[in-house]
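First the structure, in the form of structure tokens, and then the observations on it.
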Amino acid sequence: MTLALAEIPVSELKGVGAALELKLHNLGIRTLQDLLFHLPLRYQDRTRILPIGSLRPGDECVIEGEVKLADISKGRRRSLLCRIQDGTGSLTLRFFHFSAAQKNNLRPGVRLRCFGEARAGANGLEIVHPEYRRVDSDELVPVEEHLTPVYPTTEGLHQNRLRSLTDQALEYLKRGALQELVPESLRQGWQFPGLDDAMQYLHRPPVDANQPLLLEGMHPAQRRLAFEELMAHHLSLLKLRQKTREKGAPELPGDGSLKRAFLDALPFPLTGAQSRVADEVAKDLSQAFPMLRLVQGDVGSGKTVVAALAAIQSVESGLQAAVMAPTEILAEQHYHNFSQWLEPLGVKVAWLAGKLKGKQRQAQLELIRSGEARVVVGTHALFQEEVVFSDLGLVVIDEQHRFGVHQRLSLREKGRNGKLAPHQLIMTATPIPRTLTMSAYADLDCSVIDELPPGRTPVSTVVIADSRRDQVIERVRSACAEKRQVYWVCTLIEESEALQCQAAEVTEQQLAEALPELRIGLVHGRMKPAEKAEVMGRFKAAELDLLVATTVIEVGVDVPNASVMIIENPERLGLAQLHQLRGRVGRGSVESFCVLMYHAPLSNQGRQRLAVMRETTDGFRIAEKDLELRGPGEVLGTRQTGVMQFRMADLQRDSDLLTRVKTLAGQMQAWPDHAEALVERWLGRGEDYGNV
Ligand code: ADP
Ligand code: MG
């Protein structure tokens, strides 16, 4: 191999001093390889001079013409207006900042070549602050030979500068110095162009390049790189998974004694899906490396029973199991279920939450430390330092969704027990589209409970404008008269929790005035956990008819008699969240209703999203739609944190590549050096997941 571009620092290039080097570093560019993998966002066409008469607003173009008029306009903002004409039409060049010399140069009769975006102005098309130069009519000024790349950049780093640097890097490329990291035997049957050709093409596309294809990201050169990038991500997750497997875990084969008694006592048989997933989990637990399994199951699919079976297997094998829920309400519900199921079998269940104080807390901590408690249920309080497990074998995390790789890792570290890491079972009711399980969650094993217990009646959903609020209130009145219970969910677009809670308080007062005969409760995020739990408890015990709430009730509460839900401003919530909220009703045998009361006018996307909610109650279809409408960043909740951001790939557009990516990434593990170099190429050295 000649010089490897990954080894040559950008400071080798002409014109790169300390200041520029720093700016490049800020863009993550240290080597010539980095520079080449800093790919254009889009392109400009400066290869042709377009007739002015052919332009439409929005066109980015080169034009050439003669100045007819140049004048300073003293409208709302002082500007220099320059009219130019080319025989097919005319347009205005507009400058808000200009010098006297500039004005003098733009005299009538002068020929100009300009580049910029044509926009609709007050008097026909105009270009604001075009790039321009004088040309003499007998002079032949060449146009560009390639489409002009536009790179992602940072303050003070000009496109022209980036273009001249990539020009130099592409010169190196001609000497054949970018390494193909995917081994040749794996590239058999590949339709993609070679790496060097793809690079050359994407940095300097030829005049006849198919621009719409490039804009869509569907050019073979782009697909080649997208494929490589997806592979790099996949490999980094495989590495993470491998690191996990290198850690030991206690083997928990179980002997089936408790399990049999538990299933016998259960008032219902498991669904087919529950049995299948429980078996998958059981197999993982008997291995000597930590299970890391995600169980997805729609709301009400019966995940708790599967969690209980896992805990039982740990107990049978002589080790403790911990079950963690995200809220106290939910943790308490689990504690109730688990102790009812397990204590008759002689299994002691402990309980820990933030609100438990003093002697009671000490008593529970002692049960956990001594090992007398075999199953421990609680909130994240379980991960506090003062909690010492005697012999933890399994951690079940319920309703954990929207978390990134790093959060997953830190949870695992917290659950660590000596040299051995506990097994981890993660449950979520937020279905994750397949595209994402194959990419963002590639380090986890996934199981899906894709069947609801028999006898459920699906929720009917109606979409209504809030101008019909009075009718909705009447509906609540009649539902409560039939002894049904109702949720009324308030949402606000403001991030501020204070405002959300305020809105819920106001709504509660209004509803209390309109419906004086009803017993109404309120829960919101600013109430103390104990207060919240108290109100929820009364609602559960049917001492309240109507519960006004913010979206805090999103997760997990089970009140089978509640069969009507009103959601205000549903257009402000993601589909997954709406689905989750709606899952609070439809848990009993009576028919349930969900009323989505939107505020007009709805955006086009808003209308589509509500239509999806009306048409289906299938969580997976909703998740796929959500991904389609909002994109992976929003769905994963990681847009801000930068997890799963790609340079070239687009999970949606390139989802057809994922199966191949997965296969090849698996095979590529036979070339560990190449695999590592590929991860470094796309994710940089900083993203060494394995060392977290
Ligand atoms: P989720 O998956 O939302 O956590 P749960 O575990 O809370 O669901 O179960 C929802 C309800 O369904 C509970 O009341 C539970 O007792 C009941 N259930 C679970 N499995 C079955 C089954 N196989 N047959 C009938 N009912 C079931
Ligand atoms: Mg649950």
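All heavy atoms count here, side chains included; hydrogens, waters and symmetry mates do not. Model, not experiment: these values are computed from the prediction.
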I want to check something: taking the side chain as every heavy atom from C-beta on, are [X] and [Y] in contact at a cut-off of under 4.5 Å?
| X | Y | result |
| --- | --- | --- |
| L81 | L93 | no |
| V396 | M324 | no |
| R519 | L546 | no |
| L125 | P57 | yes |
| V377 | N337 | no |
| L511 | I473 | yes |
| W488 | T507 | yes |
| Y598 | I567 | no |

- prompt: Does Y487 have R584 sitting over its ring (NZ/CZ under 6.0 Å from centre, angle to axis within 45°)?
  reply: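 Judged by the rule (NZ or CZ under 6.0 Å from the ring centre, within 45° of its axis), R584 is not positioned above Y487.
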(request) Mark yes or no: R78 above the aromatic ring of F96, with NZ or CZ under 6.0 Å from the six-membered ring centre and no more than 45 degrees from the axis. (result)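 Geometry flag: not set, cation outside 6.0 Å or 45°.
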Review point. Do the ring planes of H129 and F95 sit parallel (below 30°), tilted (30 to 60°) or perpendicular (above 60°)?
Key: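 Plane angle over 60°, so perpendicular.
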How far does [atom1] of [X] sit from [atom2] of [Y], to the nearest 0.5 angstrom?
| X | Y | atom1 | atom2 | value |
| --- | --- | --- | --- | --- |
| D445 | E280 | CG | CD | 9.0 Å |
| L544 | R538 | CG | CZ | 4.5 Å |
| M536 | L330 | CE | CG | 10.0 Å |
| D650 | E216 | CG | CD | 11.5 Å |
| R484 | S592 | CZ | OG | 7.0 Å |
| D45 | D59 | CG | CG | 10.5 Å |

message: Assess the residue pair W351 and E332 against the criterion (side chain to side chain donor-acceptor pair (under 3.5 Å)); give the C-alpha distance rounded to whole Å, side-chain angles, the decisive distance to 0.1 Å, and a yes or no.
response: CA-CA 8 Å; W351 157 247; E332 206 164 322; 5.8 Å; no
Carboxylate-amine/guanidinium proximity below 4.0 Å for [X] and [Y]:
| X | Y | answer |
| --- | --- | --- |
| K303 | D398 | no |
| R276 | D450 | yes |
| R477 | E474 | yes |
| D618 | K625 | no |

Looking only at heavy atoms, what is the nearest atom pair of [X] and [Y], with distance?
| X | Y | answer |
| --- | --- | --- |
| R653 | M648 | NH2-O, 2.8 Å |
| C480 | V486 | SG-CG2, 3.8 Å |
| L270 | S275 | CB-OG, 3.6 Å |
| L39 | P152 | O-CD, 3.2 Å |
| G354 | A381 | N-CB, 4.0 Å |
| L602 | R607 | O-NH2, 3.4 Å |

- [ ] Say whether T491 and R572, considering side chains only, have a donor N or O and an acceptor N or O under 3.5 Å apart.
- [x]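 Looking only at side-chain atoms, R572 and T491 do not form any donor-acceptor pair under 3.5 Å.
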Do you see a donor-acceptor pair shorter than 3.5 Å between the side chains of D545 and Q485?
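No donor-acceptor contact under 3.5 Å links the two side chains.
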Test your reading of the model: is there a side-chain donor-acceptor pair from [X] to the backbone of [Y], 3.5 Å cut-off?
| X | Y | result |
| --- | --- | --- |
| E229 | A649 | yes |
| Q274 | T271 | yes |
| Q222 | H219 | yes |
| T616 | V612 | no |

Is there a side chain to side chain donor-acceptor pair (under 3.5 Å) between Q605 and R609 once you walk through the steps? CA-CA 6 Å; Q605 212 207 54; R609 295 196 352 214; 3.2 Å; yes
**OP:** Take V281 and L425, measure what side chain to side chain contact (heavy atoms under 4.5 Å, CB included) needs, and give me the verdict at the end.
**Re:** CA-CA 8 Å; V281 172; L425 182 62; 3.9 Å; yes
Handout entry: side chain to side chain contact (heavy atoms under 4.5 Å, CB included) evaluation trace for T461 with R582
Key = CA-CA 9 Å; T461 299; R582 185 171 60 182; 2.8 Å; yes
Notebook entry, point to check: Under 6.0 Å from the CG atom of N210, do we count more than 12 heavy atoms belonging to anything else shown?
Noted result: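 Yes, CG of N210 has more than 12 neighbouring heavy atoms, counting only those of other groups under 6.0 Å.
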Discussion item. Please determine whether side chain to side chain contact (heavy atoms under 4.5 Å, CB included) holds for the pair V277 and R293, giving the CA-CA distance in whole Å, both sets of side-chain angles, and the decisive distance to 0.1 Å.
Written reply: CA-CA 10 Å; V277 172; R293 185 171 287 278; 5.8 Å; no
Going through the distances and angles, do L91 and I127 end up as a side chain to side chain contact (heavy atoms under 4.5 Å, CB included)? CA-CA 8 Å; L91 62 66; I127 300 182; 4.2 Å; yes
Next on the checklist: Run E451 and S301 through side chain to side chain donor-acceptor pair (under 3.5 Å) and show every step you take.
Outcome noted: CA-CA 6 Å; E451 181 186 353; S301 61; over 6 Å; no
*Verify salt bridge (charged side-chain N to carboxylate O under 4.0 Å, His left out) between D656 and R223, making sure each step is shown before the conclusion.*
CA-CA 11 Å; D656 60 315; R223 299 272 282 175; 2.6 Å; yes
N569 vs H599, side chain to side chain donor-acceptor pair (under 3.5 Å): CA-CA, chis, key distance, verdict
CA-CA 6 Å; N569 304 312; H599 186 68; 5.1 Å; no
